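Quick caveat: nothing in here was measured; it's all calculated off a predicted structure. Letters A, B, ... mirror the listed sequences (proteins, then strands); counts begin at 1. What's counted below: heavy atoms across the whole structure, side chains too, no hydrogens, waters or symmetry copies.
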Amino acid sequence: MNSALSTASATALTTLREGTPLVQVITNRVVTGFTANVLLALGAAGAMVDIPVEAGPFARHASGLLVNLGTPGSEQRHAMLEATEAAADAGTPWVLDPVAIGSAPVRTPLAHTLVARRPTIVRGNASEILALARSGSGGRGVDSTDDVEAAAGAAEAIARDHGSVVAVSGPIDLITDGSRTARIDNGSALLTRVTGGGCALGAVMAAFAAVADPFEAAVAATATYCIASEDAAARAEGPGSFAVHFLDELSRIQPADVLARAAIA
Amino acid sequence: MNSALSTASATALTTLREGTPLVQVITNRVVTGFTANVLLALGAAGAMVDIPVEAGPFARHASGLLVNLGTPGSEQRHAMLEATEAAADAGTPWVLDPVAIGSAPVRTPLAHTLVARRPTIVRGNASEILALARSGSGGRGVDSTDDVEAAAGAAEAIARDHGSVVAVSGPIDLITDGSRTARIDNGSALLTRVTGGGCALGAVMAAFAAVADPFEAAVAATATYCIASEDAAARAEGPGSFAVHFLDELSRIQPADVLARAAIA
Amino acid sequence: MNSALSTASATALTTLREGTPLVQVITNRVVTGFTANVLLALGAAGAMVDIPVEAGPFARHASGLLVNLGTPGSEQRHAMLEATEAAADAGTPWVLDPVAIGSAPVRTPLAHTLVARRPTIVRGNASEILALARSGSGGRGVDSTDDVEAAAGAAEAIARDHGSVVAVSGPIDLITDGSRTARIDNGSALLTRVTGGGCALGAVMAAFAAVADPFEAAVAATATYCIASEDAAARAEGPGSFAVHFLDELSRIQPADVLARAAIA
């Protein structure tokens with residue numbers, strides 16, 4: 001276990017709750033409500049400002065920004081470009097989630113454009129990270145068809161090329177900044193049975209990136225999120241009740257829980 | 001306590017359930033599902049008809065209309081203009097919720113255009129009401145940075161200028177028609193931890209406005225909604241279970257509960 | 001009871017869970033999250049690929065496709081045309097759900113265009129099926145104002161004209177391919193108190209159509225879905241907890257339950 005990262009994660013959670021970071025959420029239509037509820041439960045706040053003309057100015061003052069490519073309609077694509085330009089200019093930390101890229105003809109080139117803008121954090125499953133590094137052909141819909149460890153090299157390459165922290169989701173999450181790499185062995189498989197289980201983690205990373213350095217933010221977000229999912233799973237009778245308990249547990253989890261239970265290697 | 005308004009609220013709930021008003025919901029992408037479920041649980045029904053060409057004709061025959069500015073994409077803005085024009089022409093009661101206006105460059109002028117069309121009810125938090133009266137600069141995302149009472153004058157001014165009832169949400173809700181003002185001291189703070197807690201109340205006001213005069217409708221909606229939230233909070237273990245119990249309680253709450261427990265001053 | 005169809009339904013559920021079909025979901029903004037969660041709970045997966053340029057290629061490789069007309073914005077309408085053309089060309093089974101057609105001026109002609117492309121399954125309430133057969137004027141918002149049996153002739157006509165299986169939802173569901181007709185007497189009325197209770201069934205039909213012939217797929221989807229709703233209703237305290245239990249029960253229901261309890265005539 002890495003006690004320095006566990007301590008940093010616990011501290012980041014404390015700081016997050018003191019500051020209630022406001023995350024600009026530009027995400028897909030399937031997970032909007034769940035994502036906003038995850039942020040609120042944790043102690044942050046979300047605002048879905050995803051139309052042109054408004055997205056840019058908002059990104060200048062938001063605590064963090066999530067850009068998720070799940071349902072990238074035309075107006076939202078313009079808003080993504082506007083918001084990421086403003087975020088880069090203003091120093092707002094931002095997270096790119098290249099959902100289901102690979103062969104998809106609109107979102108795949110958009111993801112390559114966006115990653116070149118040097119996101120603070122890139123979050124995806126193994127197939128998405130491989131596709132973003134141009135070394136894979138993508139997954140199956142939103143599901144990965146590759147193992148996390150198979151994407152380790154691609155993650156490190158993206159991290160080095162773009163100065164981003166890259167987080168690869170899976171049974172054991174991998175997070176790298178190109179030199180340091182952490183692996184986090186927390187979380188319940190029920191997260192994969194709830195729509196937005198991965199997408200909402202991207203928003204949580206944006207919230208933590210407002211209060212911690214990018215590598216620690218990605219680690220703290222993953223550890224906090226996954227430990228809460230373990231408590232929810234222990235009480236769940238299926239994916240429906242799991243999602244309800246998960247929001248409850250996100251509101252309950254304490255920095256001491258993160259410190260004691262984060263399985264970071 | 002104001003027993004006349006409590007009685008009117010209880011009566012309105014009875015009438016609502018007998019008539020199952022159909023509310024046209026033009027709202028933001030984050031809260032669509034929750035809003036529709038709130039209406040169904042209460043005993044009304046929602047239909048999200050928010051595209052141009054369809055929005056206007058539908059507004060002529062709907063029982064009520066909600067126009068919520070949370071994610072005002074281009075097509076939806078056209079639909080809002082179409083629907084409010086038709087609603088005004090046909091006498092359909094409608095509610096304006098000027099979400100997060102203030103400095104936002106698209107929705108702020110749109111809100112001013114819409115309020116000039118004399119909505120039946122305007123609902124917002126204190127920052128939004130202050131911004132709509134042009135005496136404030138808006139809040140922080142969807143959260144108010146102003147107290148309800150600080151917006152009392154702005155609410156009365158909007159009410160007088162546009163013939164609207166204005167409802168300001170907060171720990172104690174304020175509702176005014178420019179001459180009468182009611183304050184409602186019901187509700188759980190957990191409503192602020194659920195996405196759409198405020199937005200869905202706008203839809204409920206539109207449902208009540210179909211069966212009661214605007215001032216009584218805003219009061220009845222707020223009292224019913226907030227009392228149900230108290231019962232949900234008593235059973236909740238966090239924001240996730242609160243939202244579930246809240247829908248259950250909206251389906252259970254009886255006119256007698258409203259009569260006995262509405263704290264209207 | 002029809003034991004052949006019960007057996008086929010149980011077998012289809014087994015096959016579905018072995019294959020985890022990937023359903024392309026082009027649906028309305030109100031029910032996206034619930035629909036995706038229903039698919040995941042059942043053992044399938046959903047991907048909301050509903051933008052032009054991406055919708056067509058995706059439909060060629062998806063296991064099934066749902067086209068639901070609930071909130072048909074301009075981009076989504078183009079995506080629907082693209083996806084259904086590709087699905088027809090590639091042999092991908094697809095489901096048309098003509099939500100709230102009748103007098104609605106955009107979606108009604110769109111539904112007639114789409115039904116002429118010979119959907120694998122058409123699913124709707126009685127008013128929608130009557131309107132699609134041009135023998136009715138539509139319902140009230142998303143609610144039917146006609147009885148299921150009143151739409152039996154219209155359902156058979158659509159089935160014969162377009163080679164589709166037609167499923168009419170109601171207290172007793174009717175499913176016909178123009179020669180055979182099944183009636184299914186399962187399900188809880190609480191499904192009508194949850195937004196997306198009908199819409200998500202369309203997605204489930206698309207999942208089953210990936211693993212069974214269209215008539216059996218529509219029957220199996222309806223029986224499985226409705227039996228799970230009965231178990232959820234038995235544990236529910238209202239529409240909020242019903243929706244949660246329903247997802248849990250969809251993940252739990254076994255082929256043996258379908259075999260034993262399907263009330264198919």
Heavy-atom contact with chain A under 4.5 Å, split by part of L247(C): both

Identify which part of V30(A) has an atom lying under 4.5 Å from any heavy atom of chain C, answering side chain, backbone, both or neither. both

Pairs of heavy atoms under 4.5 Å with chain C: top-ranked of G33(A), G73(A), G70(A), A236(A): G73(A)

Please look at T192(A) and chain C and tell me whether the side chain, the backbone, both or neither of the residue comes under 4.5 angstrom of a heavy atom of that chain. backbone

To the closest 0.5 Å, what do you measure between CD1 (I26(C)) and OG1 (T71(A))? 12.0 Å

So, R29(A) side chain and R29(C) main chain: donor-acceptor pair closer than 3.5 Å or not? no

Give the minimum heavy-atom separation between A104(A) and E54(C), together with the two atoms involved. CB-OE2, 3.3 Å

I'd like to check the side chain to side chain contact (heavy atoms under 4.5 Å, CB included) partners of T222(A); sequence neighbours left out, ordered by chain and number. D173(A), I175(A), I184(A), L201(A), M205(A), C226(A)

Got P239(A) and L40(C) here, is their nearest side-chain heavy-atom distance under 4.5 Å? no

Kindly compute the distance separating NE2 (H61(C)) from OG (S103(A)), expressed to the nearest 0.5 Å. 7.5 Å

Specify the closest pair of heavy atoms between D248(C) and S241(A), including all atoms of both residues, with the distance to one decimal. OD2-OG, 2.7 Å

Show your reasoning for whether side chain to side chain contact (heavy atoms under 4.5 Å, CB included) applies to R252(C) and E237(A). CA-CA 9 Å; R252(C) 285 179 175 179; E237(A) 300 176 11; 3.3 Å; yes

Does CD belonging to E149(A) count more than 12 external heavy atoms closer than 6.0 Å? yes

Please check: side-chain N/O of N37(C) versus main-chain N/O of V194(A), any donor-acceptor pairing under 3.5 Å? no

Nearest heavy-atom approach of A41(C) to R193(A) is O-NH2, 2.9 Å

Part of A36(C) lying under 4.5 Å from any heavy atom of chain A: both

